[in-house]
Number of protein chains: 2
Amino acid sequence: MSNLKEVAKKANVSITTVSRVINGSDKVNPKTSERVKKVMTMLDYQPNRVAQRLRTANGRSKLLGLIIPDIKNQFYSNIVRGIEDVAYGNDYAVILCNSDENPNKERFYLEVLKSESVDGIILPPILQFGEEIENIIKTGIPIICFDRKLGNKNVDTVVIDNEMGGYIATSHLIDKGHKQIAILTSSILFSSFSERQKGYERALKENGIEVDKRLIREGDPRSSDNAKLMTTKLINLDNPPTAIFATNNLMTLGAIEAINEQNLKIPEEISIIGFDDVSWAKAITPPLTVVKQPAYEMGLKAAELFFRKVEDKSSEPVEIVMEPSLIIRQSTASPPK
Amino acid sequence: MSNLKEVAKKANVSITTVSRVINGSDKVNPKTSERVKKVMTMLDYQPNRVAQRLRTANGRSKLLGLIIPDIKNQFYSNIVRGIEDVAYGNDYAVILCNSDENPNKERFYLEVLKSESVDGIILPPILQFGEEIENIIKTGIPIICFDRKLGNKNVDTVVIDNEMGGYIATSHLIDKGHKQIAILTSSILFSSFSERQKGYERALKENGIEVDKRLIREGDPRSSDNAKLMTTKLINLDNPPTAIFATNNLMTLGAIEAINEQNLKIPEEISIIGFDDVSWAKAITPPLTVVKQPAYEMGLKAAELFFRKVEDKSSEPVEIVMEPSLIIRQSTASPPK
DNA sequence: TTCATTAATGAAAACCTTTTCATTTTCTTA
DNA sequence: TAAGAAAATGAAAAGGTTTTCATTAATGAA
């Protein structure tokens with residue numbers, strides 16, 4: 001691969017001048033510039049980004065680090081698209097890392113990203129109070145959190161109002177006349193789930209419905225099989241729920257499988273409402289009522305926050321809270337008599 | 001951030017020695033090594049990967065480039081997981097790029113990856129004969145193709161037997177008694193679709209069924225809406241098909257939506273078979289019969305081919321062809337009288 | 001024409017490593 | 001104890017850029 005030196009030689013200028021042409025910085029004689037450019041295309045020269053980064057660093061690597069828990073989860077892949085679209089529009093490439101909700105992987109990737117001197121890192125933090133994040137912040141690499149907040153730290157964040165999401169979903173079911181509403185949720189991992197649960201409980205209380213511990217099931221939100229199991233148990237309860245609120249899309253999937261397997265009719269015999277407006281929500285029968293998270297838009301916003309930081313290192317961190325919305329389809333109806 | 005120099009100073013050795021400790025190469029006195037290591041953790045020193053790469057390059061960047069057409073497509077995200085799992089197991093980070101089936105984006109990312117001097121690039125090539133790929137090959141960066149072949153080039157490849165996939169799907173429908181089988185396919189983009197179509201036509205011919213042009217619909221395989229439209233038209237034909245074979249998961253989604261919208265019962269009134277065993281295949285009613293591509297395994301294989309190349313630069317390129325398999329669920333049945 | 005100013009260019013340092021080659025130290029063996 | 005070999009270490013170059021500072025060339029004013 002050709003380098004500055006070769007180009008400089010062929011164009012009869014110093015490497016400094018070539019560098020200037022590349023960066024369009026300082027003034028260089030139009031004629032010289034022309035000549036240099038010609039040579040560059042002739043040798044099809046591409047600046048070596050590694051060398052550029054080594055010399056420059058500090059926010060001009062055109063590289064954005066992105067850590068997500070699970071690429072297979074549509075919610076996250078939508079976010080990735082949002083981020084990627086903005087990044088590409090700004091000539092940035094994205095290093096995408098899959099953390100698997102595994103702190104060790106997150107740690108590994110944080111180290112890698114730091115030592116690759118990316119211009120910023122976007123992630124839903126798992127390691128809440130670890131020194132890893134602390135270290136990154138110290139280096140001055142901007143961090144943007146999405147989906148989850150970073151406990152005590154003062155960083156840019158874009159989240160959804162999860163409590164509201166839980167409230168909306170549950171209220172809708174209550175409006176339909178349900179009183180025995182189960183929730184598939186999770187205590188492990190993060191606040192998102194417990195907040196959705198909080199919204200669920202608030203809706204119940206506001207409507208004078210007692211919270212029934214039996215109907216609150218906690219499991220691994222990454223496993224639809226787990227949700228399937230939980231749902232099967234719920235259905236076989238003595239006094240089973242007439243509606244189920246699944247707090248993420250994988251759990252929704254498992255719940256639906258269980259219901260089908262038990263030969264219950266949706267929504268006549270049991271109602272179900274999901275979280276995340278996944279691609280297949282419209283395709284199933286009956287089409288699925290969901291609380292939609294504006295995933296793609298969250299991605300856009302997160303990326304915008306990042307570029308805002310790139311523009312102005314000293315900009316004050318902000319927290320953007322996005323609103324979930326209810327999309328009513330046909331998987332929710334009045335409870336059976 | 002601390003660097004070699006600081007560590008060397010604090011440990012009272014030269015930076016050469018520190019480097020040696022890091023790389024565990026050459027021999028260095030165990031005592032010295034101990035001391036250096038202590039200092040490294042004390043200053044929590046991390047080697048600067050950018051500098052390492054600049055100096056070293058040539059296959060030791062521990063960085064793997066991955067270009068995929070659409071992160072939102074489950075088929076690809078499964079592959080990504082396969083690749084990522086192997087990569088992480090080998091201490092490699094993955095730069096994931098989303099090409100959107102857009103040649104310009106692919107070009108951009110190829111340039112970026114090249115100039116980041118990644119150790120290898122895994123991709124389903126769009127640019128068949130462009131000089132971009134040629135350029136990469138010239139630099140000696142290993143290229144692994146998956147899902148699609150790289151026309152004339154002699155590179156490692158892992159693909160699925162698409163013709164076989166089309167054949168399996170169609171044969172299954174014929175076995176059920178169908179004679180009017182529509183196919184949703186694509187002529188744009190790549191051979192995968194035309195090969196699936198070839199298998200479809202072979203199955204028909206072998207069973208003495210004439211290929212009916214009316215039933216072959218070509219559209220954009222990235223858009224389920226497009227497939228929905230095509231399906232609606234098919235259903236409203238004078239002599240409509242009794243079964244539909246959708247050649248990828250997005251098209252399957254669109255087809256199902258159309259069928260539901262037209263109030264046809266699956267499989268009593270119309271059968272449908274999809275391509276790709278997506279997460280929601282089991283959750284819909286009735287559960288979807290599909291031709292499964294071993295996506296995750298393809299990812300594993302592709303990554304393995306890459307690491308094989310890393311181990312031995314001169315290893316001969318191979319082409320791995322994986323077998324699709326039929327997963328029979330309940331969306332296919334005998335045609336109505 | 002001459003001096004002052006501005007425009008254009010270049011030399012060399014810096015970024016942080018790895019690696020080659022040379023030097024010093026330690027250990028063997030005669 | 002000396003000489004030779006092996007082990008341990010270090011100095012300096014290299015990798016491809018950007019950037020600072022210095023220098024040369026061109027322009028304008030007096």
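Note: hydrogens, waters and symmetry copies are ignored here, and every other heavy atom, side chains too, is used. Chain A is the first sequence line, chain B the second, and so forth, proteins listed ahead of strands; every chain is numbered from 1.
Mapped onto DNA chain D by nearest heavy atom, B:Ser14 and B:Ala51 fall at different nucleotides, with B:Ser14 at the one closer to the 5' end. Closest-nucleotide positions on DNA chain D for A:Ile15 and B:Arg35 were compared, and the one nearer the 5' end corresponds to B:Arg35. For the pair B:Ser2 and A:Lys27, both in contact range of DNA chain C, the more 5′-proximal nearest nucleotide belongs to A:Lys27.
The phosphate of C:dA8 (OP1 or OP2) has no side-chain N or O of A:Thr17 nearer than 4.0 angstrom. For D:dG15, neither phosphate oxygen OP1 nor OP2 lies less than 4.0 angstrom from any side-chain nitrogen or oxygen of A:Asn3. Here A:Thr32 reaches the OP1 or OP2 of C:dT9: one of its side-chain N or O atoms lies under 4.0 Å away. Considering only side-chain N and O atoms, B:Thr16 lies nowhere under 4.0 angstrom from the phosphate OP1 or OP2 of D:dT9. The side chain of B:Tyr45 contributes no N or O atom lying less than 4.0 Å from OP1 or OP2 of C:dC16. Put simply, A:Gln52 has a side-chain N or O that comes within less than 4.0 Å of OP1 or OP2 on D:dT18. Between B:Ser19 and the phosphate of C:dT18, there is a side-chain N or O to OP1/OP2 separation shorter than 4.0 Å.
Contacts of A:Val13 with the nucleic acid, taken as non-hydrogen atoms under 4.0 Å apart, involve only primed sugar atoms and P, OP1 or OP2. Note on A:Arg49: nothing from the nucleic acid sits closer than 4.0 angstrom, heavy atoms only.
Separating the CE atom of A:Met40 from the C1' atom of D:dT17 is a distance of 14 Å, rounded to the nearest angstrom. Here the P atom of nucleotide C:dT20 and the CG atom of B:Asn23 are 12 Å apart, to the nearest Å. Atom P of nucleotide C:dT17 and atom CD of A:Glu116 are separated by 13 Å, given to the nearest angstrom. With rounding to whole Å, A:Asn29 atom CG is found 13 Å from D:dT27 atom C1'. For the pair B:Arg55 CZ and D:dT17 C1', the interatomic distance rounds to 15 Å; values are reported in whole Å. The separation between B:Asn12 atom CG and D:dA8 atom P is 18 Å, rounded to whole Å. Atom-to-atom, NZ of B:Lys31 to P of D:dT9 comes out at 11 Å; the value is rounded to the nearest Å. One atom, CG of B:Leu4, and another, P of D:dA12, lie 17 Å apart when rounded to the nearest Å.
In this structure, A:Lys301 forms no cation-pi arrangement with A:Phe146, as its terminal cationic atom is not both closer than 6.0 Å to the ring centre and no more than 45° off the ring axis.
For A:Arg20, the side-chain atoms get nearest to C:dT9 when compared with the rest of C:dT9, D:dG10, D:dT19.
For A:Arg222 and A:Asp100, the salt-bridge test fails: no basic side-chain N is under 4.0 Å from an acidic carboxylate O. Using a cut-off of 4.0 Å between Lys/Arg side-chain N and Asp/Glu carboxylate O, A:Arg308 and A:Glu316 are scored as not salt-bridged. Between B:Asp119 and B:Lys309, no side-chain nitrogen of the basic residue sits less than 4.0 Å from a carboxylate oxygen of the acidic one, so the salt-bridge criterion is not met.
No donor-acceptor distance shorter than 3.5 angstrom exists from the side chain of A:Lys5 to the backbone of A:Ser14, with no hydrogens or angles considered.
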Given A:Arg148 and A:Glu319, is the salt bridge (charged side-chain N to carboxylate O under 4.0 Å, His left out) satisfied, shown in steps?
CA-CA 11 Å; A:Arg148 304 169 194 158; A:Glu319 176 177 328; over 6 Å; no
